[in-house]
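Naming convention: chains lettered A, B, ... in sequence-line order (proteins, then strands); numbering from 1 in each chain.
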2 protein chains.
Amino acid sequence: MEPHAHSHSHLHPSLDWQQHTLATLSDAGHRKGGARNAVVELLAAQDCALTAQEIDDRLRDGGRAVGRASVYRVLELLTELRLVQKIEVGQGIARYERHQPDGDHHHHLVCDNCGTIEPFEDPSLEEAIEQVSRRLSFAVDEHDVVLHGACSDCREQ
Amino acid sequence: MEPHAHSHSHLHPSLDWQQHTLATLSDAGHRKGGARNAVVELLAAQDCALTAQEIDDRLRDGGRAVGRASVYRVLELLTELRLVQKIEVGQGIARYERHQPDGDHHHHLVCDNCGTIEPFEDPSLEEAIEQVSRRLSFAVDEHDVVLHGACSDCREQ
DNA sequence: AGGGCTGCGAGACTGGTTCTCATCTAGACT
DNA sequence: AGTCTAGATGAGAACCAGTCTCGCAGCCCT
Ligand SMILES: [Mn+2]
Ligand SMILES: [Mn+2]
Ligand SMILES: [Zn+2]
Ligand SMILES: [Zn+2]
């Protein structure tokens, strides 16, 4: 018995995300546009965060070049709509990745030697952050956690 | 009975820090220099993190102008020696503050509206980070936690 | 099909940070 | 004290991620 194409399975979260994103954009009153579609499609295909530069390069290499301004515009819009997560990894560089529809999210390890990033998640860390946020005078609505160090490759010499 | 000047009291952590810093620099083989001293003295007098720009401005206003390059050089050196902590607050801006000699440290809230920062500390957050770090393949040696939101002033319109 | 408003992109611009290089100076050695 | 030299300093150029500007393109509604 082969799976039905129309079943709303959770086997393809990236497809789910892409459809959900396009629907959300449409609901928010945005028209369709080539640049936006290209960026969304690219982000949907990634498992972890990309820089704006990487997005620009990959689109160009893929034959669908997009203006720099559009890349940033789309990323800003998607971030506002909470469809992507913006991650500041230091040195003035930001990375972007899709937010999981189920609200899950992860944080990152950055290798300060080779620049590799690796995701991790930890419920008790999230819990600790939530508790701190509650007792502060700020209205906290986002948190960045970045662990810096050496990846397994770079550690051994 | 007045306190002895030579007693190594813990009543003036900033003085302790300044002396410790100058000693560490000397031990590491660095000569004395006016720019470095000026930056160290300024950092010693602060309770929370400053941007490079703020450091530059305050030194100029204080009649001890220092070259921009020197400010960054000193901050980089002190960061390498773990004498100051570099904090990335987003938008490509970094802030710097002295590391407490006792190893204590705090993290920051950033108001995304007006840029104000406010320190906070939380042992259970530190504990959570430590536990995560232990189970990962990376050799974690630093962590950044920045909470973004609206400060109490900006929250009420 | 027409018209208006949104989306788009080339390129100028910004601002924090880094680089370059000529000059200065701490401090070691005579 | 005078000399010497490597480290320290500072003015300004360069760099670069990110933002702005503005004229053109194309989506969508009638
Ligand atoms: Mn989290
Ligand atoms: Mn901490
Ligand atoms: Zn690495
Ligand atoms: Zn504020």
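Contact check for B:E126 versus B:E121: no side-chain heavy atoms found under the 4.5 Å cut-off.
The distance between atom CG of A:D56 and atom C1' of C:dG11, rounded to the nearest whole Å, is 14 Å. B:L75 has its CG atom 15 Å from the C1' atom of D:dT9, to the nearest Å. Per the geometry, CG belonging to A:L25 stands 13 Å off C1' belonging to C:dT6, to the nearest Å. C:dT6 atom P lies 18 Å from atom CG of A:N37, rounded to whole Å. Atom C1' of nucleotide D:dC20 and atom CD of A:E76 are separated by 12 Å, given to the nearest angstrom. Regarding B:Q53, its CD atom lies at a distance of 13 Å from the C1' atom of C:dT14, rounded to whole Å. When the C1' atom of C:dC24 is taken as reference, atom NZ of B:K32 falls 17 Å away, rounded to whole Å. One atom, CG of B:L77, and another, P of D:dT9, lie 10 Å apart when rounded to the nearest Å.
Between the base of C:dC5 and the side chain of A:R31 there is a donor-acceptor pair shorter than 3.5 Å. A donor N or O paired with an acceptor N or O is found under 3.5 Å between the base of D:dG10 and the side-chain atoms of B:R73.
Using a distance-only test at 3.5 Å, with no hydrogens or angles considered, no donor-acceptor pair links the side chain of B:W17 to the main chain of B:V40.
For the pair A:Q91 and A:A69, both in contact range of DNA chain C, the more 5′-proximal nearest nucleotide belongs to A:A69. Between B:R64 and B:R68, the residue whose closest nucleotide on DNA chain D is further toward the 5' end is B:R64.
Between the side chains of A:S152 and A:R155, no donor-acceptor pair is found at a separation under 3.5 Å. Side-chain contact check for B:H105 and B:H143: at least one donor-acceptor pair (N or O, by modelled atom type) lies under 3.5 Å.
Considering only side-chain N and O atoms, A:Y72 lies under 4.0 angstrom from the phosphate OP1 or OP2 of D:dG18. In this model, the phosphate group of D:dG7 is not approached by any side-chain N or O of B:H30 to a distance below 4.0 Å at OP1 or OP2.
Heavy atoms of A:R36 sit under 4.0 angstrom from primed sugar atoms or phosphate atoms, though from no base atom. Within 4.0 Å (heavy atoms only), A:G34 reaches sugar-phosphate atoms of the nucleic acid but no base atom.
When each of B:R135, B:R134, B:E127 is checked for a side-chain hydrogen bond (donor to acceptor under 3.5 Å, both in side chains) with B:Q131, only B:E127 meets the rule.
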